[in-house]
> 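Starting off with a structure, shown below.
Here the structure is a predicted model, which means the values were calculated and not measured.
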Amino acid sequence: MAQTTPNHTQTVSGWAAHDSSGKITPFIFKRRENGINDVTIEILYCGICHTDLHHVRNDWGITMYPVVPGHEITGVITKVGSNVKEFKVGDRVGVGCLAATCLECDFCKDSQENYCDQVQFTYNGIFWDGSITYGGYSKMLVADHRYVVHIPANLPLDATAPLLCAGVTVFSPMKDHNLHQAPGKKIGVVGLGGLGHVAVKFGKAFGHHVTVISTSPSKEKEAKERLGADDFLVSTDVQQLKKGMRTLDFILNTVSAKHSLGPLLELLKVNGTMVVVGAPDQPFELPSFPMIFGKRAVKGSVIGGMRDTKEMMELCGKHNITCDIEVTTPDKLDEALDRVAKNDVRYRFVIDIAAGLPSNL
């Protein structure tokens with residue numbers, strides 16, 4: 001069993017993978033008592049991220065079994081610590097990827113906690129007390145209040161859950177390039193999945209001309225009619241890409257499969273930027289000429305800090321932005337993860353946690 005401390009006295013029911021088969025089974029474990037800086041959250045919904053799949057199957061070789069995945073968590077506060085002032089019992093809240101950081105480095109002080117070199121995550125991390133963190137595939141979570149955000153009253157908790165990871169992952173680089181305050185740009189979104197569909201919604205809410213770039217021609221109708229994209233380019237169609245050359249100010253690349261960045265970079269105007277948020281298991285192809293002859297930049301970005309997460313949530317409340325989801329139940333987690341592996345979901349699975357809890361816990 002994963003390391004705990006004498007302070008881990010609360011018995012919790014959840015769902016865990018115990019080996020690299022990735023099979024999810026019911027799991028009883030311990031969480032810490034609510035400390036002075038903590039809030040206790042009754043988990044109602046938890047999104048399924050592709051990262052969960054990598055962890056349960058140990059694709060990255062870093063999994064500490066048993067692993068309770070889940071870092072797109074929404075629920076209701078049931079207890080608050082004495083140092084906590086901005087939350088109260090009954091508040092609707094969310095928790096994303098972050099469980100602990102050093103709180104002292106320049107990144108932490110600038111609310112870029114996600115780049116702290118001591119960052120620990122909501123699951124499969126090592127908390128300050130030395131215990132291994134367990135995530136949102138469970139009934140209850142104890143979280144440090146500094147990594148918790150309010151959920152606007154008008155947003156449903158199920159469709160909001162994936163915003164805690166997928167949402168802030170695309171919001172943060174858009175904010176970095178002032179796209180949330182400077183409308184009228186032409187932006188491209190590569191990939192129309194769990195990340196990409198949220199990026200399209202943000203782009204339109206912020207007043208931009210949005211082009212979806214995809215390998216799947218069949219997604220054009222969905223991109224335009226359901227999500228409001230203005231244009232659609234098939235990335236394997238040489239003629240379409242040629243027509244789109246030097247038309248975009250910014251590209252957000254959400255694709256997690258190996259591909260060449262060269263043809264996509266040619267779509268950018270001179271001085272344009274592509275931000276990569278997808279993580280292929282093999283290196284990108286990055287030819288130099290599209291960068292050199294277009295003065296273009298390629299950057300990376302990972303999730304977001306707490307300031308960005310709070311700001312994103314407020315904007316989502318203002319613009320009524322949520323994720324397109326399919327609700328599943330804990331007894332169907334293996335099926336859901338298999339479908340995630342096949343990209344067979346529009347666009348994010350969310351677990352209805354209460355639907356799978358035993359009546360005696």
Side-chain angles (χ1 to χ4, degrees), residues 2 31-32 34-41 43 45-52 54-55 60 62-64 67-75 77 80-81 83-84 86-87 91-138 140-151 160-173 175-176 194-195 198 277 279 300-314 316 323:
R31 290 205 189 275
R32 70 182 186 271
N34 196 89
I36 60 173
N37 292 312
D38 291 332
V39 295
T40 296
I41 301 167
I43 299 174
Y45 297 97
C46 184
I48 296 178
C49 179
H50 209 280
T51 300
D52 300 349
H54 289 307
H55 274 94
W60 297 332
I62 60 172
T63 302
M64 297 177 283
V67 60
V68 177
H71 57 208
E72 298 177 342
I73 301 164
T74 56
I77 289 181
V80 297
N83 283 352
V84 179
E86 68 270 35
F87 297 103
D91 282 354
R92 304 161 79 247
V93 294
V95 174
C97 300
L98 302 178
T101 59
C102 78
L103 301 174
E104 297 176 352
C105 69
D106 289 342
F107 297 110
C108 286
K109 290 178 180 178
D110 191 37
S111 198
Q112 297 186 72
E113 301 93 339
N114 47 315
Y115 296 108
C116 173
D117 63 8
Q118 296 182 44
V119 65
Q120 296 298 329
F121 297 114
T122 301
Y123 69 87
N124 203 59
I126 306 294
F127 194 64
W128 287 314
D129 62 8
S131 64
I132 293 174
T133 56
Y134 289 133
Y137 292 18
S138 58
M140 178 268 277
L141 177 73
V142 180
D144 187 290
H145 74 282
R146 287 165 287 202
Y147 308 98
V148 180
V149 295
H150 288 281
I151 304 296
T160 297
L163 293 174
L164 276 304
C165 174
V168 75
T169 294
V170 298
F171 174 77
S172 189
K175 178 188 173 184
D176 283 348
L195 298 177
V198 185
V277 293
S301 182
V302 63
I303 53 172
M306 294 311 301
R307 181 171 57 205
D308 283 359
T309 305
K310 292 173 183 176
E311 187 171 342
M312 174 207 66
M313 202 59 73
E314 291 170 0
C316 286
C323 299

> To the closest 0.5 Å, what do you measure between SG (C323) and CD (E72)?
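With rounding to 0.5 Å, SG (C323) is 7.5 Å from CD (E72).
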
> Kindly indicate whether the side chain of M64, heavy atoms from C-beta on, has any atom under 4.5 Å from the side chain of I126.
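Yes - at least one pair of side-chain heavy atoms lies under 4.5 Å apart.
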
> Cut-off 3.5 Å, side chains only: do N124 and Y134 have a donor facing an acceptor?
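No, because no side-chain N or O of N124 sits under 3.5 Å from a partner of the opposite role on Y134.
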
> Got C97 and N114 here, is their nearest side-chain heavy-atom distance under 4.5 Å?
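No, side chains not in contact.
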
> Looking at every non-hydrogen atom in both residues, tell me the closest pair between V142 and R31 and how far apart they are.
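So the two residues come closest at N-CD, 3.9 Å.
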
> Might you point out which heavy atoms bring Y137 and G47 nearest each other, and give the distance in Å?
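Looking at all heavy atoms of both residues, the closest pair is CE1-O, 4.1 Å.
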
> Looking at residues at least two apart in the chain, or sitting in another chain, which of them share a side chain to side chain donor-acceptor pair (under 3.5 Å) with T40?
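Only N34 meet the side chain to side chain donor-acceptor pair (under 3.5 Å) criterion with T40.
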
> Looking at every heavy atom in both A161 and T74, which two are closest together, and how far apart are they?
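Nearest heavy atoms, A161 then T74: CA-CG2, 3.7 Å.
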
> Hey, what do you get for CD (Q118) to CG (L103), rounding to the nearest 0.5 Å?
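The CG atom of L103 is 9.5 Å from CD of Q118, to the nearest 0.5 Å.
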
> From H150 NE2 over to K310 NZ, what is the distance, rounded to the nearest 0.5 angstrom?
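Nearest 0.5 Å value for the NE2-NZ distance: 8.0 Å.
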
> Answer yes or no: is there a donor N or O on one side and an acceptor on the other, between the side chain of S172 and the main chain of V168, under 3.5 Å?
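Flag not set: sc S172 to bb V168 has no pair under 3.5 Å.
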
> Between the main-chain N or O of G135 and the side-chain N or O of T122, is there a donor-acceptor pair closer than 3.5 Å?
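Flag not set: sc T122 to bb G135 has no pair under 3.5 Å.
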
> Are more than 12 heavy atoms, taken from residues, nucleotides or ligands other than F107, located less than 6.0 Å from that residue's CZ atom?
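Counting other residues, nucleotides and ligands, CZ of F107 stays at 12 neighbours or fewer.
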
> A side-chain contact here means heavy atoms from C-beta on lying under 4.5 Å apart; do V39 and V93 qualify?
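A side-chain contact is absent here, since even the closest heavy-atom pair is not under 4.5 Å.
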
> Just to verify, what does T160 make a side chain to side chain donor-acceptor pair (under 3.5 Å) with, not counting sequence neighbours?
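Checked T160 against side chain to side chain donor-acceptor pair (under 3.5 Å); zero matches.
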
> Mind checking what makes side chain to side chain donor-acceptor pair (under 3.5 Å) contact with N37, not counting sequence neighbours?
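Scan of N37 (side chain to side chain donor-acceptor pair (under 3.5 Å), adjacent residues dropped) gives N83.
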
> Of the non-hydrogen atoms in V148 and A143, which two are nearest, and what is the gap between them?
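So the two residues come closest at CG2-CB, 3.9 Å.
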
> Check whether any side-chain heavy atom of V95 lies under 4.5 Å from a side-chain heavy atom of L164, and answer yes or no.
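When only atoms from C-beta onward are counted, L164 and V95 do not touch, as no gap falls below 4.5 Å.
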
> Rounded at 0.5 Å granularity, tell me how far SG in C49 sits from OH in Y123.
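Rounded to the nearest 0.5 Å, the SG-OH separation comes to 6.5 Å.
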
> Kindly state each residue pair satisfying salt bridge (charged side-chain N to carboxylate O under 4.0 Å, His left out) with at least one member in residues 103-126, sequence neighbours excluded.
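The answer is D110-R307.
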
> Taking all non-hydrogen atoms of both residues, which atom of T101 and which atom of C108 are closest, and how far apart?
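Smallest heavy-atom distance, with atoms named: OG1-SG, 3.3 Å.
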
> Examine H71 together with F121 and report whether their ring centres are nearer than 6.0 Å.
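Centroid distance H71-F121: not below 6.0 Å, so no.
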
> Ignoring hydrogens, what is the shortest heavy-atom contact between V277 and P173? Give both atom names and the distance.
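Taking V277 first and P173 second, the nearest heavy atoms are CG1-CG, 4.2 Å.
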
> So do the side chains of I77 and F87 get within less than 4.5 Å of each other, counting heavy atoms only?
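I77 reaches F87 side chain to side chain.
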
> Set out, in order, the CA-CA distance, both residues' side-chain angles and the distance that settles side-chain contact (heavy atoms from CB on, under 4.5 Å) for H145 and D38, then state yes or no.
CA-CA 5 Å; H145 74 282; D38 291 332; over 6 Å; no

> State the OG-CG distance between S301 and D176, to the nearest 0.5 angstrom.
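If we round to the nearest 0.5 Å, S301:OG and D176:CG are 6.0 Å apart.
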
> Has the side chain of D144 got a donor or acceptor atom that lies under 3.5 Å from a matching backbone atom of R146?
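It does hold such a pair.
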
> Hey, what's the ring geometry for W128 with Y147, parallel, tilted or perpendicular (30° and 60° as the breaks)?
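Rings of W128 and Y147: tilted, as their planes differ by 30° to 60°.
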
> So, taking the atom named SG in C165 and the one named CG in L195, what distance separates them when rounded to the nearest 0.5 Å?
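Here the interatomic distance stands at 7.0 Å.
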
> Mark yes or no: R32 above the aromatic ring of F127, with NZ or CZ under 6.0 Å from the six-membered ring centre and no more than 45 degrees from the axis.
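Yes - R32 lies over the ring of F127, closer than 6.0 Å to its centre and within 45° of its axis.
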
> For the residue pair M140 and I43, establish whether any side-chain heavy-atom pair is separated by less than 4.5 Å.
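Side-chain contact under 4.5 Å: no.
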
> By side chain to side chain contact (heavy atoms under 4.5 Å, CB included), which residues pair with R92, not counting sequence neighbours?
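So R92 forms a side chain to side chain contact (heavy atoms under 4.5 Å, CB included) with I151, L157.
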
> Would you please name every residue forming a side chain to side chain donor-acceptor pair (under 3.5 Å) with Y45, sequence neighbours left out?
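Residues passing side chain to side chain donor-acceptor pair (under 3.5 Å) with Y45: none at all.
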
> Just so I know, are the side chains of M313 and L163 near enough to count as touching, which here means a heavy-atom distance under 4.5 Å?
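Sidechains of L163 and M313: in contact.
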
> So I73 and L141, side-chain contact (heavy atoms from CB on, under 4.5 Å) or not? Walk me through it.
CA-CA 9 Å; I73 301 164; L141 177 73; 3.9 Å; yes

> Less than 4.5 Å apart, side chain to side chain, heavy atoms only: is that true for V302 and T169?
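A side-chain contact under 4.5 Å is absent here.
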
